[in-house]
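Worksheet: the structure to be examined is printed underneath.
Computed from a prediction, not measured in an experiment: that's the story for all the values here. To find a chain, count down the sequence lines: A is the first, B the second, and so on, and within it residues start at 1.
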Amino acid sequence: MIDKRAANVAEAVSEVFDGATIMIGGFGEAGSPIELIHALIDQGASDLTVISNNCGSGEVGLAALLKAGRVSKMICSFPRTANSTVFPDLYRSGRTQLELVPQGTLAERIRAGGAGIPAFYTPTAVGTPLADGKETRRFHDRDCLLESGLTADFTLIKARRADTHGNLVYNKTARNFSPVMAMAGRITIVQAAELVAPGEIDPERVITPEIFVDRVVHVPNPAHESALVAAGATYP
Amino acid sequence: MIDKRAANVAEAVSEVFDGATIMIGGFGEAGSPIELIHALIDQGASDLTVISNNCGSGEVGLAALLKAGRVSKMICSFPRTANSTVFPDLYRSGRTQLELVPQGTLAERIRAGGAGIPAFYTPTAVGTPLADGKETRRFHDRDCLLESGLTADFTLIKARRADTHGNLVYNKTARNFSPVMAMAGRITIVQAAELVAPGEIDPERVITPEIFVDRVVHVPNPAHESALVAAGATYP
Amino acid sequence: MTETGNSIGWSREEMAGRLAEDIPDGSYVNLGIGLPELVARFVPEGRELVYHTENGLLGMGPSPKEGEGDPELINAGKRQVTAKPGASYFHQSDSFAMIRGGHLDLCVLGALQVSRAGDLANWSLGGPDDIPAVGGAMDLVAGVKSIFVITQHCTKDGAPKLVESCTYPLTGLRVVDRVYTDLAVIAVRPEGFQLIELAPGVDFDLVQERTGARLLPVAETTSHV
Amino acid sequence: MTETGNSIGWSREEMAGRLAEDIPDGSYVNLGIGLPELVARFVPEGRELVYHTENGLLGMGPSPKEGEGDPELINAGKRQVTAKPGASYFHQSDSFAMIRGGHLDLCVLGALQVSRAGDLANWSLGGPDDIPAVGGAMDLVAGVKSIFVITQHCTKDGAPKLVESCTYPLTGLRVVDRVYTDLAVIAVRPEGFQLIELAPGVDFDLVQERTGARLLPVAETTSHV
């Protein structure tokens with residue numbers, strides 16, 4: 001029978017391996033699965049490629065994973081943060097590579113990866129340094145770039161509510177990248193503030209259908225990054 | 001101030017012009033905007049290119065529009081119907097052209113059109129007659145076809161509930177093509193069984209955000225195609 | 001044993017039941033129109049399967065009770081269905097993202113012809129007066145991890161449906177993994193059609209006689225699909 | 001009149017208010033981070049505008065009252081906001097479908113430089129030690145129907161931001177329609193920068209002096225953007 005629950009966050013991330021590509025949901029702190037990221041720090045996998053819109057703040061969550069030296073490459077749209085020197089130091093010292101992708105192209109590459117579309121054309125970034133080395137083709141009198149789909153070995157995301165089959169709903173703008181990352185992860189791992197039985201989420205309002213989800217772990221009171229940073233918290 | 005209501009279905013479709021490309025929502029009878037289609041028959045525009053998954057049944061709705069001789073080309077995935085000879089007769093006599101597109105490619109081409117993606121690659125239909133004349137390219141050891149985005153001058157769809165700004169929710173599997181067609185229509189026209197004020201649809205459960213909608217008309221008790229066909233109805 | 005009809009081998013229900021035995025617990029499954037739909041009636045004890053219908057529903061349940069249906073809750077065959085607890089509705093592009101993106105474990109389809117390389121023809125007879133109609137078949141065979149075909153072994157005229165190469169227009173190239181017929185269960189291997197199991201009262205020679213390509217005997221160790 | 005500072009011309013609020021006058025009723029508008037955000041305070045009487053924030057909200061409202069915010073209801077600048085009646089949430093790919101698909105009427109952005117051809121540089125100084133960060137700027141300029149720039153006319157060092165050609169890394173080619181500065185409103189025409197309106201106390205020669213490319217005088221009939 002179908003029951004995707006993991007007993008705890010440690011079990012949920014136990015399969016992550018060195019060298020894995022990991023998508024991590026969130027835009028700023030909204031939707032960032034901090035407890036899963038902290039479990040990943042404890043778990044120890046290294047040489048990770050992380051696909052996430054930002055690079056975290058302070059020294060918790062994604063910034064703490066970076067600071068722990070586990071990330072060899074970031075694929076993101078906006079690595080600058082107000083409250084962190086973690087990524088800038090790693091970048092300037094060459095310890096973490098950066099692939100900078102426009103936010104909409106990043107979102108669409110992730111969706112394409114999840115939807116079985118190997119590549120698509122977009123007008124975004126034509127004529128800019130981010131077009132360097134990319135194939136250009138003209139459609140309807142407009143130059144476009146060829147962009148490839150992105151997939152990941154694991155996706156870590158945060159939901160407001162999940163059922164034990166993996167159907168998800170999110171909270172407000174914490175939805176952001178999570179639905180498309182859920183599609184693009186080979187193993188999609190979800191921390192949910194509420195965990196309910198199948199049927200307790202109206203089928204009309206499911207945002208991520210269960211087919212995209214592999215593990216669900218109940219994290220009833222997820223931390224907010226800004227509160228942790230304000231309190232001077234660090235991890236581990 | 002924003003108020004997208006049309007007084008009636010006739011007003012809603014009044015701008016449709018000869019030679020227009022029109023997307024029509026629905027999979028079979030589920031989601032078919034019959035009242036808008038009938039208004040379009042009354043309105044008189046001809047030489048239309050219609051993009052819709054099927055070709056209707058009986059002699060009501062889309063089948064009636066076809067029978068009235070208004071459609072010069074159909075772009076669809078499944079034009080065969082159990083209860084109609086309308087399209088077969090038009091096709092065999094050469095009066096209506098057919099562009100047959102696999103259902104998933106059709107949906108994705110419509111989404112791409114609405115999302116500003118001029119073209120994408122897909123493995124669907126490689127090696128089949130529907131690949132004839134299409135560019136093939138290999139990604140990750142797999143051949144794919146280049147498919148182009150589709151847009152329309154007008155989109156006609158049916159919603160369960162709309163607000164006066166154009167936010168929409170649908171009913172069950174009547175959702176089908178409507179959300180992506182709403183994105184891809186230059187003018188998107190909606191018939192809604194309920195029409196409410198902005199704020200009466202939970203922002204977490206809006207399926208089509210208002211930005212994709214141009215006109216909303218209240219059709220409180222929409223007809224079901226199967227019931228009309230069973231009753232022997234024809235239109236006009 | 002007659003050449004036509006179903007007087008030997010498995011009935012339609014038995015074919016569907018035999019196929020259902022091979023679907024692992026927890027699978028996400030799309031069932032084609034017609035004979036494939038029968039498979040849903042035969043979920044083996046203790047397994048939970050989730051059915052997808054490409055018109056926009058995951059968690060499809062059986063037909064509604066008389067008078068309780070909704071003409072806007074239908075399956076890909078345009079028949080009224082129900083939604084099970086844990087179901088979800090989504091639009092066509094999301095539905096085919098599930099298919100094309102490789103998220104479905106299994107699709108069960110009917111066939112006009114299957115070639116020994118696993119090519120499938122199931123959407124058109126290719127006649128000049130035919131109304132071509134493809135639906136989601138090409139997307140399904142291109143995207144779903146495993147493709148099982150369920151079909152009578154021969155046409156009503158007794159012509160083999162398992163053939164050296166398809167003569168009807170193709171749905172996809174090298175896509176079929178297994179074929180469940182009234183006579184046998186057959187795997188499509190790199191080496192060609194391989195017998196997995198015979199229906200009661202049917203022998204290898206009969207199946208070979210009614211198959212339009214060479215049939216390999218049951219492998220000593222049957223690898224799982 | 002001093003060369004630096006804002007002792008002449010429009011204040012930041014006046015610039016935002018002046019820009020807001022040019023936004024038609026019913027527009028769908030994305031406001032960039034910083035000075036562009038100010039524009040939302042100045043919706044002219046009788047107009048209704050709908051604000052989009054690319055992290056996934058249409059119908060964005062003002063900042064929440066003290067203590068009523070939700071850290072998961074934020075704008076693209078990662079500041080807490082509210083949702084107005086008629087709002088909707090959606091994921092990133094849908095949000096950028098709105099942008100890339102040409103569904104937004106207007107985007108207001110800041111600038112490092114704008115060229116006379118309408119090229120925009122607003123994401124990177126291009127220094128070797130800079131942490132490059134682009135966010136949604138390139139998607140916005142590629143997809144939104146009209147791009148208005150709001151910026152001080154010159155840098156803090158007095159260098160012109162309206163230039164013959166950009167020296168900083170580009171955000172997009174030929175994308176800017178209008179520029180609203182502390183000194184003037186300027187349209188980007190095929191012929192180059194054209195003055196639309198001067199701030200009080202500012203004359204053509206002053207604006208030309210502080211502009212790094214030729215400025216065309218006010219057109220006799222000002223065409224609407």
Could you look at [X] and say if it's the side chain, the backbone, both or neither that has a heavy atom under 4.5 Å from chain D?
X      : result
A:N54  : side chain
A:Y170 : neither
A:Y91  : side chain
A:L98  : side chain
A:R142 : side chain

> Taking everything shown except A:K67 itself, do over 12 heavy atoms lie less than 6.0 Å from its NZ?
Replying inline: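 No, not enclosed.
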> Is atom CZ of D:R174 surrounded by more than 12 heavy atoms (other residues, nucleotides or ligands) closer than 6.0 Å?
Replying inline: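 Open: at most 12 neighbouring heavy atoms sit under 6.0 Å from CZ of D:R174.
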Residue part contacting chain A, namely of [X], when any heavy atom lies under 4.5 Å:
X      : value
D:F96  : side chain
D:D130 : backbone
D:I99  : neither
D:S88  : neither
D:D94  : neither

Has [X] got a side-chain atom pairing as donor or acceptor with [Y]'s backbone, closer than 3.5 angstrom?
X      : Y      : value
D:R100 : A:T122 : no
D:N55  : A:F27  : no
A:T128 : D:T171 : no
A:R92  : D:D129 : yes
A:R80  : D:I131 : yes

Which one, [options], leads in non-hydrogen pairs under 4.5 Å with chain D?
options                        : answer
A:N53, A:V126, A:T105, A:I207  : A:T105
A:V180, A:I110, A:D143, A:N171 : A:N171
A:R111, A:H224, A:E225         : A:H224

I need the minimum non-hydrogen distance between [X] and [Y], along with the two atoms involved.
X      : Y      : answer
A:V101 : D:V134 : O-CG1, 4.0 Å
D:G136 : A:Q103 : N-OE1, 3.4 Å
A:P129 : D:P169 : CG-CB, 3.7 Å
D:Q92  : A:A107 : CB-CB, 3.6 Å

Pick whichever of [options] has the most heavy-atom pairs under 4.5 Å with chain A.
options               : value
D:L173, D:I74, D:V81  : D:I74
D:A83, D:G135, D:G56  : D:G135
D:D70, D:L57, D:T53   : D:D70
D:A142, D:A97, D:A133 : D:A133
D:P71, D:P128, D:G126 : D:P71

> For chain D, which residues of residues 68-78 of chain A have at least one non-hydrogen atom nearer than 4.5 Å to it?
Replying inline: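 Expected list: A:S77, A:F78.
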>> Let's go through D:E72 and A:K158 carefully: what are the C-alpha distance in whole Å and the side-chain angles of both, what is the deciding distance for salt bridge (Lys or Arg N to Asp or Glu O under 4.0 Å) to 0.1 Å, and is it a yes or a no?
In response: CA-CA 11 Å; D:E72 297 196 322; A:K158 176 182 170 183; 2.8 Å; yes
Can you tell me how far apart [atom1] ([X]) and [atom2] ([Y]) are? Round to the nearest 0.5 Å.
X      : Y      : atom1 : atom2 : value
D:S93  : A:R109 : OG    : CZ    : 13.0 Å
A:N176 : D:E54  : CG    : CD    : 11.5 Å
A:R175 : D:Y89  : CZ    : OH    : 9.5 Å

> Given side chains that start at C-beta, do those of A:P102 and D:W123 come closer than 4.5 Å, heavy atoms only?
Replying inline: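 Counting from C-beta outward, A:P102 and D:W123 never come under 4.5 Å.
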